[in-house]
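The next block holds one structure in the form of structure tokens; read it before the comments.
Worth saying up front: this structure is predicted, and the values here are computed from it rather than measured.
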Amino acid sequence: MRALAEFIMRGRMQATLVVAGCATLPLLYWLGAAAGSLVLLRRGLTDALGVLSLGLLPALIWWLYADDPRALLVLLGSSGLALVLRASESWVRTLLVSVAIGVVFSVVLGAAFAAQIEMLAQALIKVMPALLGETYKQLSVDEQARFASLIAPVLTGLIAALLQIVSVLSLIVGRHWQALLYNPGGFGREFRAIRIPLGP
């Protein structure tokens, strides 16, 4: 991984190649987001903007032509979190902002992909009697209808939460790379210093 981080930081062309190349491949979009986070954390938004813009193109194509928003949402989410971390130098604040990003993801998915999520929900409703067996049969018709109506919103929330987690993990990989190259041991110290407040 260090070799990849060194390659990314060699120049703008190399960074763009990794970000855009990984965004093109369905299972490696998180790695492209991590590379974008590294560039943003190290060089700031001005230098990273060109790299991220070209990385967004294949992610946008996945959204428009394959109805797959994962690459675009994770790239935007991890970049936003990298901006927060760079400005605040606070993992607590960054993790709190990630919750807000998860809510935004949920709204976007609910608005732009309602039809696809509803199709998935209907497929789950069909197999629900087989999955739940006697428990499902004991529900009244009204309870079954109410249960079925909750599946689409729950699916939307689960997908949004998953994309939020992947965005945070991509940022963590980018920060790890940054520490590996420029501040050995700094990543571990940062994580050990995180203290999530439990209440007012």
With sequence neighbours left out, the residues meeting ring pair (Phe, Tyr, Trp, His ring centres under 6.0 Å) with Phe147 are none
Hydrophobic cluster identity match, Leu64 and Ile61, side-chain contacts under 4.5 Å: yes
For Trp91, the ring pair (Phe, Tyr, Trp, His ring centres under 6.0 Å) test, sequence neighbours excluded, returns Phe191
If every non-hydrogen atom of Ser170 is compared with every non-hydrogen atom of Val74, which pair is closest and at what distance? OG-CG1, 4.0 Å
If we only count heavy atoms from C-beta on, is the Pro69 to Val108 side-chain gap below 4.5 Å? no
Do the side chains of Tyr65 and Leu60 join up, straight or via other hydrophobic residues, at under 4.5 Å, putting them in one cluster? yes
Side-chain donor-acceptor pairs of residues 111-133 under 3.5 Å, sequence neighbours excluded:
| residue | atom | partner | partner atom | Å |
| --- | --- | --- | --- | --- |
| Gln116 | NE2 | Asp67 | OD2 | 3.2 |
| Glu118 | OE2 | Gln122 | NE2 | 2.7 |

By side chain to side chain contact (heavy atoms under 4.5 Å, CB included) - contacts of Ala82 (at least two apart): Ser37, Leu40, Leu41, Leu171
Give a yes or no on whether the backbone of Ser140 and the side-chain of Glu143 come within a donor-acceptor separation of less than 3.5 Å. yes
Just do the side chain to side chain contact (heavy atoms under 4.5 Å, CB included) check on Leu169 and Val173 with the steps written out, would you? CA-CA 6 Å; Leu169 291 176; Val173 171; 5.6 Å; no
Report all side-chain donor-acceptor pairs from residues 14-27 shorter than 3.5 Å, counting only partners two or more places apart or in another chain.
| residue | atom | partner | partner atom | Å |
| --- | --- | --- | --- | --- |
| Thr16 | OG1 | Arg12 | O | 2.8 |
| Thr24 | OG1 | Ala20 | O | 2.7 |

Straight-line distance of Gln178 CD to Arg43 CZ, nearest 0.5 Å: 11.5 Å
Within residues 68-90 or reaching into it, pairs that qualify as salt bridge (Lys or Arg N to Asp or Glu O under 4.0 Å) - sequence neighbours excluded: Asp68-Arg70
Leu180-Tyr182 co-clustered via ILVMFWY side chain contacts under 4.5 Å: no
State, yes or no, whether a side-chain contact exists between Ile159 and Phe105 at a heavy-atom distance under 4.5 Å. no
Find the distance between OG (Ser88) and CG (Leu83) and round it off to the nearest 0.5 Å. 10.5 Å
Only pairs at least two apart or in different chains count here, so list each salt bridge (Lys or Arg N to Asp or Glu O under 4.0 Å) that has a residue in residues 24-35. none
Side-chain heavy atoms under 4.5 Å apart, restricted to Ile/Leu/Val/Met/Phe/Trp/Tyr: what other residues fall into the cluster of Val154, or is it alone? Leu158
So do Leu72 and Tyr29 actually touch side chain to side chain, heavy atoms under 4.5 Å? no
All heavy atoms of Pro58 vs all of Gly55, minimum pair found to be CD-O, 3.3 Å
Can any side-chain N or O of Ser167 pair as donor or acceptor with the backbone N or O of Leu163 at less than 3.5 Å? yes
Quick check: is Leu45 connected to Val84 through a chain of hydrophobic side chains (ILVMFWY, heavy atoms under 4.5 Å apart)? yes
Sort and list the pairs that fulfil salt bridge (Lys or Arg N to Asp or Glu O under 4.0 Å) and have at least one residue in residues 169-180, not counting sequence neighbours. Arg175-Glu190
Main-chain N/O of Ala5 paired to Arg10 side chain as donor or acceptor, under 3.5 Å: no
Could you list the residues that satisfy ring pair (Phe, Tyr, Trp, His ring centres under 6.0 Å) with Trp62, not counting sequence neighbours? none
Under 3.5 Å, sequence neighbours excluded: what are the donor-acceptor pairs made by side chains of residues 92-100?
| residue | atom | partner | partner atom | Å |
| --- | --- | --- | --- | --- |
| Thr94 | OG1 | Ser90 | O | 2.8 |
| Ser98 | OG | Leu95 | O | 2.6 |
| Ser98 | OG | Gln164 | NE2 | 3.2 |

Do the side chains of Leu56 and Leu76 get nearer than 4.5 Å, heavy atoms only? yes
Kindly give the cluster partners of Leu57, where membership spreads through any ILVMFWY side chain lying under 4.5 Å from a current member. Leu54
Counting C-beta onward and ignoring hydrogens, is there a side-chain heavy-atom pair between Ile151 and Leu155 closer than 4.5 Å? yes
Taking the side chain as every heavy atom from C-beta outward, state whether Met9 and Trp177 have any pair of such atoms under 4.5 Å apart. no
